[in-house]
Amino acid sequence: MNILEAQLTNAGVPVESQTLERLHAFYQLIEAGNKRANLTSISGWESVRDELFARSLPLAPLLNGAQPGDRLIDIGTGAGVPGLVVKIIYPHLNVMLIDATRKKIDFLTDAIDALNLKEVTAIHARAEDLAQQPEHRESYDFAVARAVGSLSELAELLLPFVALGGTAAALKSTGVEAEAEQAGFAARQMGGEPAVLSLVERPGVDRPGDGPADTLVTWRKSGPTPESYPRRSGIPRKTPLAAPSPKKTGAEASAE
Ligand code: SAH
C-alpha cells in the first residue's frame, strides 16, 4: 500500500482505484496551474500529498457517514482545499467551491472538467454575498473552510450557509482553544451550538519531526441565522463579532 492509500485508509475513507488516480491527476493539475497562476505555495508530490490532501482528512469522521447527495460548501477553497479533495474521496456528495479570487475559480472549473467530476461547481463569489442568496442560504448539510480566517470570522461566514441540523467545520492546527472560546459569541448569534474540538492525528504520516495533530472545529446548527448576518463584505474580518463587555455597576464605575 502506498503512503497516500495508507493515509486515506487510516482516516476510514473507502479507497477505490479511481480515488487514487484522481488525486494523482489533481496533483498534476495543481502543478501545471501553479506555473500559470499563483494558486498555492505548496508544490512537489510529497508536500501536496501531506499538506493539501492528508490535511483535508480530519473531515473524514464528519463526512464518512454523509448520505449520497448531501450538500457541502467550501468557503475560500483556493486550489480546492479541502473541497475538491473531499469531492474526489466522497464522489457521492454534492459540492460547491467558492473563492473571492477569479483565477482560482477558473483553475477549479478546468480541473473539475479534466477530472470528469459531476455535481461539483466552482463559483467566484465572496461568502458574505453568496450567503444572502436564497438558493445558498441555510441550504447546506456541511459548510467547511481551511486557512481563511479566525474562528470568529469563520463562524459568521460558514453558519449562514448551514441548514438546521447541519454542521459548520473549520480545519485548524493545534492550540485553538482560546480562539474557539472567543468565537462562541459569533457562533451563538448565527444559530450554532457550542464548538466541538477534536484533535486528529495527521493520518499515516509517521515520521520523526512531523508536526502534531490538527484540530477539527465543528459547530452544529440548531437555530436560524438572523437576516442581518453575515454582515457586509469584509466586516466579519475587520470587526469580528465579540460579546459585549459586561456593564459596570455604578460602584465599579465611580471607583475608577
Ligand atoms: N482553503 C485553501 C486556501 C486558503 S487561502 C487552502 O487551505 O489551501 C484563503 C482563500 O480564501 C483565498 O483564496 C481567498 O481568496 C479566499 N477568501 C478569503 N475570504 C473570503 C471570503 N470572504 N469569501 C470567499 N473567499 C474568501
Side-chain angles (χ1 to χ4, degrees), residues 55-67 69-78 80-87 89-90 92-100 104-105 108 119-172 176 179-180 183-184 186-198 214-231 233 236-237 240-241:
R55 291 184 80 183
S56 297
L57 294 174
L59 288 169
L62 185 65
L63 299 179
N64 281 340
Q67 299 301 308
D70 274 0
R71 297 185 75 194
L72 176 145
I73 187 164
D74 180 15
I75 303 300
T77 187
V81 182
L84 198 53
V85 180
V86 162
K87 176 63 190 178
I89 63 184
Y90 301 104
H92 58 286
L93 294 183
N94 191 318
V95 172
M96 191 67 67
L97 308 168
I98 84 152
D99 201 282
K104 295 183 179 173
I105 294 305
L108 289 170
E119 303 200 319
V120 48
T121 310
I123 317 183
H124 176 228
R126 287 195 62 92
E128 295 91 325
D129 302 328
L130 203 71
Q132 297 294 355
Q133 297 185 6
E135 68 268 37
H136 295 286
R137 190 170 183 86
E138 305 206 307
S139 44
Y140 291 87
D141 303 285
F142 307 98
V144 304
R146 186 186 89 139
V148 172
S150 72
L151 288 172
S152 301
E153 180 185 353
L154 285 175
E156 186 171 353
L157 294 184
L158 296 178
L159 280 160
F161 286 103
V162 178
L164 289 189
T167 305
L171 291 165
K172 284 273 171 180
V176 294
E179 192 185 326
R188 215 164 30 250
Q189 296 298 301
M190 300 306 132
E193 291 180 4
V196 175
L197 274 57
S198 10
D214 282 323
T215 310
L216 181 70
V217 180
T218 58
W219 295 282
R220 222 181 93 84
K221 182 150 171 184
S222 57
T225 302
E227 266 173 36
S228 50
Y229 296 123
R231 292 167 297 163
S233 191
R237 171 160 311 177
L241 290 170

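Computed from heavy atoms alone, side chains included, the values below leave out hydrogens, waters and symmetry copies.
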Are His136 and Met96 close enough, and set up right, to give a side chain to side chain contact (heavy atoms under 4.5 Å, CB included), and what steps lead you there? CA-CA 10 Å; His136 295 286; Met96 191 67 67; 4.0 Å; yes
Qualifying residues under side chain to side chain donor-acceptor pair (under 3.5 Å), relative to Tyr90, sequence neighbours excluded: Asn64
For the student: nearest non-hydrogen atoms of Asp74 and Ala145, plus distance: OD1-CA, 3.9 Å
Taking the side chain from Glu156 and the backbone from Arg231, do they hold a donor-acceptor pair closer than 3.5 Å? yes
Taking all heavy atoms of Trp219 and all of Pro194, pick out the closest pair and write down the distance. CD1-C, 4.1 Å
Working to the nearest 0.5 Å, report the span between OG of Ser152 and CG of Leu157. 10.5 Å
Gap between atom OH of Tyr140 and atom CG of Leu159 - 0.5 Å precision: 14.5 Å
Heavy-atom closest pair (Ser222 atom, Leu164 atom, distance to 0.1 Å) is C-CD2, 3.8 Å
Test side chain to side chain contact (heavy atoms under 4.5 Å, CB included) applied to Met190 and Leu241, step by step: CA-CA 11 Å; Met190 300 306 132; Leu241 290 170; 3.4 Å; yes
Between Gly83 and Thr77, which heavy-atom pair has the shortest distance, and what is it? N-OG1, 4.1 Å
Show, in sequence, the C-alpha distance, side-chain angles and deciding distance for Leu97 and Thr121, and conclude whether the side chain to side chain contact (heavy atoms under 4.5 Å, CB included) test is met. CA-CA 6 Å; Leu97 308 168; Thr121 310; over 6 Å; no
Quick one: which residue pairs count as a salt bridge (charged side-chain N to carboxylate O under 4.0 Å, His left out) with a foot in residues 130-142, not counting sequence neighbours? Glu138-Lys221
To the nearest 0.5 angstrom, please state how far the CG atom of Leu62 sits from the OG atom of Ser198. 8.5 Å
Nearest heavy atoms of Ala127 and Phe161, plus distance in Å: O-CZ, 3.6 Å
Could you list the residues that satisfy side-chain contact (heavy atoms from CB on, under 4.5 Å) with Val176, not counting sequence neighbours? Leu151, Lys172, Glu179, Leu197, Thr215, Val217
Going from CD1 on Ile123 to CD1 on Ile105, what distance comes out if it is rounded to the nearest 0.5 angstrom? 8.0 Å
Between CG on residue Asn94 and CG on residue Asp70, distance to nearest 0.5 Å: 9.0 Å
Contact between Ile75 and Leu154 at the side-chain level, heavy atoms closer than 4.5 Å - yes or no? no
Could you tell me the separation between the CG atom of Leu108 and the NZ atom of Lys87, rounded to the nearest 0.5 Å? 14.0 Å
Backbone N/O of Gly69 and side chain of His92: donor-acceptor pair under 3.5 Å: no
Run the side chain to side chain contact (heavy atoms under 4.5 Å, CB included) test on Leu171 and Val144 for me, step by step, so that the C-alpha distance in whole Å, both residues' side-chain angles and the decisive distance to 0.1 Å come before the verdict. CA-CA 8 Å; Leu171 291 165; Val144 304; over 6 Å; no
Is there a donor in the side chain of Thr167 and an acceptor in the side chain of Arg220, or the other way round, less than 3.5 Å apart? no
